[in-house]
Each structure stands twice: as C-alpha cells, then as structure tokens.
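Reading through the structure tokens given below for one structure.
Keep in mind that the numbers below use all heavy atoms, side chains included, and drop hydrogens, waters and symmetry copies. Index from 1, following the sequence.
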Amino acid sequence: IMPSLVGSEMCIRDSGVTFGLRDAFGNVADHDSSTQASLALASGTGVLSGSVLTVTASGGVLSFSGLSLSLVGSKTLQATSAGLTAATSSAMAVTPGAPTALALRTDAPAEVVAGNQFSVAFDVLDVFGNLCTAASNLVSVSLTGGTASSVAGTTVRSPVDGVVLFNDLWVELVGIGLVITAAAAG
C-alpha cells in the first residue's frame with residue numbers, strides 16, 4: 001500500500017523553485033511521478049511569471065524553472081496541489097535586475113536663461129521599471145533638436161541609489177526647441 005502524500009518541502013535556487021513530496025510518515029515520495037502542483041505568489045506585490053507555473057512531479061520532485069518576479073521587495077511563494085498541504089517558501093528579498101532604461105524623474109524648466117544653472121534628474125530602471133539602486137553606469141546628458149546650442153556643466157555623472165542628478169547644467173547659447181537627452185553605456 002502506498003502512503004498518501006500529505007506535505008512538501010520547498011527549495012529556491014536561482015530562477016527556479018523545487019519542492020519534494022513527502023508521505024504521511026515524512027519520507028520522500030520518490031515513487032511519485034504523477035502529482036501536479038501550481039506555483040503562485042503568496043505574499044508581496046508584483047507578478048510571478050515563468051514558462052510553466054503548473055508542473056508534474058518526477059521522482060517525487062516538482063521543479064519550476066525560468067521564474068521571475070516583477071517588483072522588488074519581500075516575497076513568499078506557495079505551491080499547491082489538490083489533496084496536499086500547501087508549501088510556502090521562506091521570505092525572500094527580490095532585488096532589481098540589470099539596468100535597462102533611463103526615465104525622467106525631474107524635468108528641466110520649460111524656459112532657461114542662457115548662462116543660468118538648472119537641474120534635471122533621471123531614474124535608472126530595470127526591465128520591470130524597478131529603480132536600480134545599485135546601478136553604477138555612467139550617464140551623460142546632451143541637447144538635441146531645435147536651434148544649435150550646447151549644454152555645459154557636469155554632463156556625465158554616476159547614479160546614487162538609482163538616481164542621476166545633474167544639478168549644475170546651463171545652456172551656453174540661446175536656442176529654441178531644445179531637448180535634454182540622457183544616455184548610458186550598457
């Protein structure tokens with residue numbers, strides 16, 4: 001007689017999650033290759049995504065791979081299967097991914113007097129729009145569009161806690177329709 005499956009244990013590794021099925025006596029149910037389970041976000045905000053969020057056991061192990069969470073913060077995951085006790089992971093800290101974009105945080109004034117300083121700030125974001133607080137990419141600003149002019153001041157800076165503040169810029173010549181553009185390597 002096969003013991004019934006009553007619980008599970010979970011292990012989180014890289015972008016995958018596995019959990020082992022246990023019988024009523026706490027033994028690994030390595031004979032089970034038919035139990036199906038689903039994985040979901042149990043606590044925290046964001047979206048859990050992956051290529052497959054419902055899997056079938058193989059040798060008593062359910063493996064979910066290629067997972068990602070869209071927002072940073074503390075999260076727990078939960079695996080559920082009909083007739084089994086749900087398994088919830090320990091809390092994990094989700095941190096931002098690699099920087100992929102710059103977003104305007106504080107725009108330059110609509111009108112700037114030639115020679116007067118102004119400020120502009122940009123956020124360094126990952127693919128999900130999370131602020132990359134550990135980003136170190138150098139960011140540069142330039143003027144584009146409108147009539148010819150150039151921007152002066154410190155035009156290349158490093159982010160601090162995911163924000164790049166250019167607080168000592170000025171336009172050298174009078175111009176119309178100018179746009180501040182930011183760019184970062186990588």
Side-chain angles (χ1 to χ4, degrees), residues 10-18 38-53 64-79 88-186:
M10 185 174 276
C11 176
I12 299 168
R13 293 192 179 125
D14 301 323
S15 64
V17 173
T18 62
S38 296
L39 191 66
L41 184 62
S43 70
T45 58
V47 175
L48 172 65
S49 57
S51 55
V52 180
L53 295 178
F64 300 89
S65 61
L67 302 174
S68 66
L69 286 160
S70 62
L71 297 176
V72 298
S74 180
K75 318 278 184 209
T76 60
L77 302 177
Q78 187 174 63
T88 302
S89 71
S90 300
M92 66 185 110
V94 177
T95 58
T100 60
L102 295 170
L104 187 62
R105 176 178 274 245
T106 307
D107 202 355
E111 292 185 21
V112 176
V113 175
N116 287 358
Q117 285 189 347
F118 64 92
S119 298
V120 65
F122 297 89
D123 290 337
V124 181
L125 305 175
D126 71 7
V127 70
F128 296 110
N130 296 304
L131 189 64
C132 295
T133 56
S136 60
N137 309 54
L138 289 176
V139 177
S140 62
V141 291
S142 61
L143 286 176
T144 59
T147 58
S149 189
S150 61
V151 66
T154 308
T155 60
V156 178
R157 292 194 182 255
S158 295
V160 176
D161 294 327
V163 178
V164 186
L165 173 62
F166 296 91
N167 58 358
D168 66 346
L169 300 176
W170 71 89
V171 177
E172 295 177 332
L173 302 171
V174 175
I176 298 172
L178 300 172
V179 176
I180 293 278
T181 302

### Task
Let me see the working for V94 and N130 under side chain to side chain contact (heavy atoms under 4.5 Å, CB included), right down to the final yes or no.
CA-CA 11 Å; V94 177; N130 296 304; over 6 Å; no

For the backbone of [Y] and the side chain of [X], can you confirm whether one donor and one acceptor N or O come within less than 3.5 Å of each other?
X: K75; Y: T45; value: yes
X: S140; Y: V156; value: no
X: N137; Y: A185; value: yes
X: S70; Y: V47; value: yes

### Query
Which residues pass the side chain to side chain contact (heavy atoms under 4.5 Å, CB included) test with A152, sequence neighbours left out?
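Partners of A152 by the side chain to side chain contact (heavy atoms under 4.5 Å, CB included) criterion, ordered by chain and then number, come out as W170, E172.
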
### Message
The criterion is side chain to side chain contact (heavy atoms under 4.5 Å, CB included); which residues satisfy it with S74, sequence neighbours excluded?
### Response
A91

### Task
Decide yes or no on side chain to side chain contact (heavy atoms under 4.5 Å, CB included) for L77 and L41, but give the supporting numbers first.
CA-CA 5 Å; L77 302 177; L41 184 62; 4.1 Å; yes

Return all side-chain donor-acceptor pairs below 3.5 angstrom for residues 157-168, not counting sequence neighbours, or 'none' if the list is empty.
residue	atom	partner	partner atom	Å
R157	NE	L165	O	3.2
R157	NH2	N167	OD1	3.2
R157	NH2	D168	OD1	3.1
D168	OD1	T154	N	3.2
D168	OD2	T154	OG1	2.8

### Query
Regarding T181 and S142, is there a side-chain donor-to-acceptor distance under 3.5 Å anywhere?
no

### Query
Are T76 and S43 linked by a side-chain donor-acceptor pair shorter than 3.5 Å?
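A pair is found: one side chain offers a donor N or O, the other an acceptor, under 3.5 Å apart.
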
### Message
Would you compute the distance between atom CZ of F128 and atom CG of L71 and round it to the nearest 0.5 angstrom?
### Response
9.0 Å

### Query
Measuring from L178:CG to T144:OG1, what's the distance to the nearest 0.5 Å?
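Reported value, rounded in 0.5 Å steps: 8.0 Å.
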
### Query
What residue pairs, at least two apart or across chains, pass salt bridge (Lys or Arg N to Asp or Glu O under 4.0 Å) with a residue in residues 39-48?
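For residues 39-48: none.
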
For residues 101-108, dump all side-chain donor-acceptor pairs below 3.5 Å to protein atoms at least two apart in sequence or in another chain.
residue	atom	partner	partner atom	Å
R105	NE	D123	OD1	2.4
R105	NH2	D123	OD1	3.2

Determine the minimum heavy-atom distance between [X] and [Y], stating which atoms define it.
X: F64; Y: L53; result: CE2-O, 3.2 Å
X: I180; Y: V151; result: CD1-CG2, 4.5 Å
X: S150; Y: L143; result: C-CD1, 3.5 Å

### Message
Considering only residues two or more places apart or on different chains, which pairs with a residue in residues 110-122 satisfy side chain to side chain donor-acceptor pair (under 3.5 Å)?
### Response
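Sorted pair list comes back empty.
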
### Query
Going through the distances and angles, do C132 and D126 end up as a side chain to side chain contact (heavy atoms under 4.5 Å, CB included)?
CA-CA 6 Å; C132 295; D126 71 7; 3.7 Å; yes

### Message
Run the side chain to side chain contact (heavy atoms under 4.5 Å, CB included) test on V17 and L67 for me, step by step, so that the C-alpha distance in whole Å, both residues' side-chain angles and the decisive distance to 0.1 Å come before the verdict.
### Response
CA-CA 8 Å; V17 173; L67 302 174; 3.5 Å; yes

